Structures are given as C-alpha cells and as structure tokens.
Amino acid sequence: MTTLGSKSSINTSTPPSRLMTRKRWAIIWLAFVGLSINYLDRSSLSVALPFMGEDFELTATQQGLIFAAFFWAYDFCQLAAGWYVDKVGPRRSFSLAALWWSVFTMVTAAASNFWSLFAARFLLGVGESPAPSTAAKVVATWFPVRERAFATSIWDSGSRVGAVIALPIVTLIVAFTSWHAVFIIIGLAGIIWAAVWWKVYRSPEEHPGANAAEVSYIQEGGARGAASDDEGAAKLPWRSLFKYRTILSMMFGFFCLNSAIYFFITFFPSYLVKERGFDLLKLGFFGAIPGICAVLFGWLGGYLADRAVRAGAPVSKVRKIAIAGGLAGGSVIMFAALVPEAWMALALLSLAYSSLTVAATGIWSLPADVAPSSRHVGSIGGLQNFASNLAGIFTPILIGVLVDQTGSFVAPLAVIGFVSLIGAANYLFVIGKIEPLKVKAEA
C-alpha cells in the first residue's frame, strides 16, 4: 500500500519566512475574480430576462427550460471537466473555459427565439463546467495544507459575489443601453480575464514571481505538485475512483449541501416576497444580507480552519468539524418558515447560508486532501461537483411541488433542513479519515 502526504512528511506549523514572496495569494485572488465573472455570466440572464419581453414571447415553461439547459450541460460535463483539468493543467483549462463561456455569453445577445437562447445557455454551461475543479487544482498546487481552507474560501466566495453583483450591474447596463449590451459587456470582461490568466498563471516552480523560499514553503507544506506524486498512485485510472468509500461519501455529502444552497439560488427571493411580504426595495436591500454574511463567514471559517491546522490539529478532524458543523448549522433553515417576524426569518436564513458556506469551504478542500496524486485533484473535484449539481436539477422541482401542494414553504424548508442533517452525519460517520487515498500496487 502506498500512502501519500502522511503527517510525518508535511510541515503544518512552520511560519513563512519574511523574505518569501507571496505570489500564491495574487494567484488565488485572480481565481476569485474568474469565479465571480463565471457566476455573473450565469446569473445575468435571470436578471435581464424581464427586460427582454419585447423581443421574446416566452411562456413560464419555456423560461424554465432555458434556465435548466445551463444546468443540464454544466452538471453532466463535470465528469469530463475534472479529468480535463488534470490532463491539461489549470493554465490552459481556466483560460480556454473562460474564453468559451465568454463567447457564448456574447452569443446570447444575438439570440432571437426560444431555441437560439436555449442553445446559447446550454453551450454556456459546457464552458463553465471546468471552473470549480480548476480552482480546486490551483489551491492544491499553490498552497500548503495549513493555508488550504482559507485559499479555498477565497475562490469559492466568488460564486456568491458574482451572483450578488449581477442585479445592480445588469440593471445599470440595461438602464443606459439595452439588454443586448449586458451580454456583450460581461462577455468582454471574461475574455480580458482569460488573457490575463494565460499571461500570469504558471506552476510555483515555473513562475518568475515566486522565489525559491516560497516554492520550498509550498512544497514542504504538503502542496499537491507533480514532484510529490507516487508513480503507482499517479497511474490509478479515473474510473477506479468510484471504488472508494471516501469518494462516494464526498459525492453524496456535497449533494446534501447543495440541496440547501440551491434554495438560496432559486426560491429565496420568492419566499421573501410571497411569505414575508417584501416589496422590490426591501428585496434588493435586505435580500442581499444572507449572501454577504455567507461570504464573510466563509472567509472566517477558512481562516480558523487553517489556524487550527497550523496549531497542530489533525487535518481530518478540522475538515469534519467544519463540514459537519456547517451542515448542522444549515439545518436551522427549517425554522425560518415558522418564526412570526420577517427579521427573525432573515436572521435564521443568514445563519443557515453562512453555515453552509463554511461547510462548502471544507468540502472544496477535500479533493486536495484525499487525492492519491496531483493528477487526481481535478477529477475528484469534478466527481463531487457532478453529484452536488444534481441537487440543482431536483431540488427546485421538489420545492415547487411542495409549495403547490401545501401552500407554504414550511414543508420544503423542513425537508431541506433534514437533508442537511443527513449530510452532517455522512461526513461524521461514513467518509472515514481524511487522508490521501491508499492505492494497491496492482492498481
């Protein structure tokens, strides 16, 4: 049996030298910008669609199919996307993905009917699929174990920032120009970012801005670079990952997490308007509070997790506390529909979303923690992200059916809260120890 990244071979407590460069932080903040643009692109249509009514005559069903087209492509491309990221590396995968999704964002401006809009959204989903696995690979390559959670919280927060800024940016562009300009301007921003990423990104060993002290700090801290790979583990076939309980548990657990998070992406505004009587002004102001809290607490959770690792806490214990605790905290969403006052509901929803974000930070740290080699980080990220986005397909349907049948959000929020608790139990009792997968020599 070959075990990689054992605790004896990784220094988790040595502080960085003051003479060391800090290029890794510039890299991860650049990835954050990329993920923010990624989510801005995917969110722009939902904000712009009300302004497109003069050019499109779409039924509610057709609108739903157009939104779903993105997720069908995005989710089922995750399996290949993770493999692709490991195959070509973060520089090429992120640049080409951003170029692809930016082009089809711009193509949306030329759509003239249901089918052309459907096709543009579908191809947008294909292009955006490698982004999260690439970001996870960047963290694995550039960051030691003791900084992995905070670095993950930075790029992962881009998903929430992109969604939050979509409303003011899109409405401002429409107010001064037209809905067509929305997709052209946002698409151009993505193309510029892709060029910058291609110019700037290199591995730590090849980057001219990272000195020898930083490269040594990264490598000795347990970063998952090619130099640290065991030859036998690196040859493990992609399909063999499904044989590990750890991988299957990660896929199931991330599905549970996203079952709750997708409420905030889909039905959260409707809940505030229909159940709590928010008008447009209140929705725009107060509706942003849970998302802002989620970003801040995600960063805080990542920082505290890394601080615990530097203090000598086992990585497995730190990850399980963050993930299981975050999912358990997310379960308070079930009480939001029961409290009498709107501010109470908003406070509970902010707590739930913040807790879920802390859990997401731990979950996205896992691919680097458990990968048998650096060549499997993206693949594992793609596998768990594929399972998690199945929730994006099924959860909105379940919520809609339960609301129609019961006339309120009590039942769907109770189900979501219960699923969060199941996810917490999965990470506590099923996944096992968080460590690199052990590969048999004959594999």
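FYI, the numbering just counts along the sequence from 1. Since the structure is predicted, the reported quantities are computational estimates derived from the model, not experimental observations.
Below 30°, between 30° and 60°, or above 60°: for W115 and F118 the angle between ring planes is above 60°, a perpendicular geometry.
A donor-acceptor pair is defined here as one N or O able to donate and one able to accept, closer than 3.5 Å; no such pair exists between the side chain of K320 and the backbone of G325. No side-chain donor-acceptor contact under 3.5 Å links S240 to the backbone of L236. Judged purely by atom type and a 3.5 angstrom limit, T108 uses its side chain to pair as donor or acceptor with the backbone of F104. Looking only at distances, a side-chain donor or acceptor of Y244 sits under 3.5 Å from a matching main-chain atom of K438. Between the side chain of D306 and the backbone N or O of A149 there is at least one donor-acceptor pair closer than 3.5 Å. Side-chain N or O atoms of S102 include none that pairs as donor or acceptor with a backbone N or O of L99 at under 3.5 Å. At distances below 3.5 Å, not a single donor-acceptor pair connects side-chain atoms of Q384 with backbone N or O atoms of I247.
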Run the side chain to side chain contact (heavy atoms under 4.5 Å, CB included) test on L351 and S355 for me, step by step, so that the C-alpha distance in whole Å, both residues' side-chain angles and the decisive distance to 0.1 Å come before the verdict. CA-CA 6 Å; L351 174 59; S355 300; 3.9 Å; yes
Set out, in order, the CA-CA distance, both residues' side-chain angles and the distance that settles side chain to side chain contact (heavy atoms under 4.5 Å, CB included) for T357 and V295, then state yes or no. CA-CA 7 Å; T357 302; V295 171; over 6 Å; no
List the steps, then state whether side chain to side chain contact (heavy atoms under 4.5 Å, CB included) holds for Y74 with V126. CA-CA 5 Å; Y74 178 80; V126 174; over 6 Å; no
Under the side-chain hydrogen bond (donor to acceptor under 3.5 Å, both in side chains) criterion, do S116 and N113 qualify, and how do the steps go? CA-CA 6 Å; S116 58; N113 54 44; 3.0 Å; yes
Passes side chain to side chain contact (heavy atoms under 4.5 Å, CB included), V138 versus W142? Steps please. CA-CA 6 Å; V138 169; W142 271 90; 4.3 Å; yes
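Taking the six-membered ring for Trp, F94 and W193 have ring centres closer than 6.0 Å. The distance between the ring centers of F268 and Y262 does not fall below 6.0 angstrom.
With rounding to the nearest 0.5 Å, the separation of CH2 in W299 from CZ in F150 is 7.5 Å. Atoms CH2 and OG, on W238 and S379 in that order, are 7.5 Å from each other to the nearest 0.5 Å. Summarising the geometry, atom OG belonging to S133 is positioned 8.5 Å from atom CG belonging to L383; distances are rounded to the nearest 0.5 Å. Considering CG of L327 and OG of S259, their distance stands at 10.0 Å, rounded to 0.5 Å. Atom CH2 of W179 sits about 9.0 Å away from atom CD1 of I184, to the nearest 0.5 Å. Note that the OG1 atom of T246 and the CG atom of L366 stand 9.5 Å from one another [nearest 0.5 Å].
Taking the side chain as every heavy atom from C-beta outward, M106 and I186 never approach each other to under 4.5 Å. Between I37 and V33, the closest side-chain pair of non-hydrogen atoms falls below 4.5 Å. Using a 4.5 Å cut-off on side-chain heavy atoms (C-beta onward), T141 and Y201 make contact. Under the 4.5 Å side-chain criterion, counting only non-hydrogen atoms from C-beta, F263 is in contact with Y271. Put simply, the side chain of R24 reaches to within 4.5 Å of the side chain of I218, judged on heavy atoms. A 4.5 Å side-chain heavy-atom check between W100 and L96 finds every atom pair outside the cut-off. Using a 4.5 Å heavy-atom threshold, the side chains of F183 and L45 count as touching. Within the 4.5 Å cutoff, no side-chain heavy atoms of R202 are placed close to those of K23.
A donor and an acceptor atom, one from each side chain of S44 and D41, are nowhere located under 3.5 Å apart. A donor-acceptor pair shorter than 3.5 Å can be found between the side chains of N385 and S388. Under 3.5 Å, the side chains of T361 and T152 contain no donor-acceptor pair of N or O atoms.
For the ring pair (Phe, Tyr, Trp, His ring centres under 6.0 Å) test with W155, the passing option among F32, F143, W25, W364 is W364; the others fail.
With sequence neighbours excluded, no residue forms a ring-ring contact (aromatic ring centres under 6.0 Å, His included) with W101.
Contacts classified as side chain to side chain donor-acceptor pair (under 3.5 Å) and involving residues 339-352 (residues at least two apart or in different chains) are not found. The ring pair (Phe, Tyr, Trp, His ring centres under 6.0 Å) analysis of residues 366-396, with sequence neighbours excluded, yields the pairs F76-F386.
Looking at every heavy atom in both residues, Q78 comes nearest to P132 through OE1-CG, 4.4 Å. Minimum interatomic distance between G378 and D86 (heavy atoms only, all atoms of both residues): N-OD1, 2.9 Å. Residue P367 comes nearest to M250 through the heavy atom pair N-CE, 4.2 Å, listed as atom of the first residue, atom of the second, then distance.
Residue-environment remark: CZ (F242) exceeds the threshold of 12 foreign heavy atoms within 6.0 Å.
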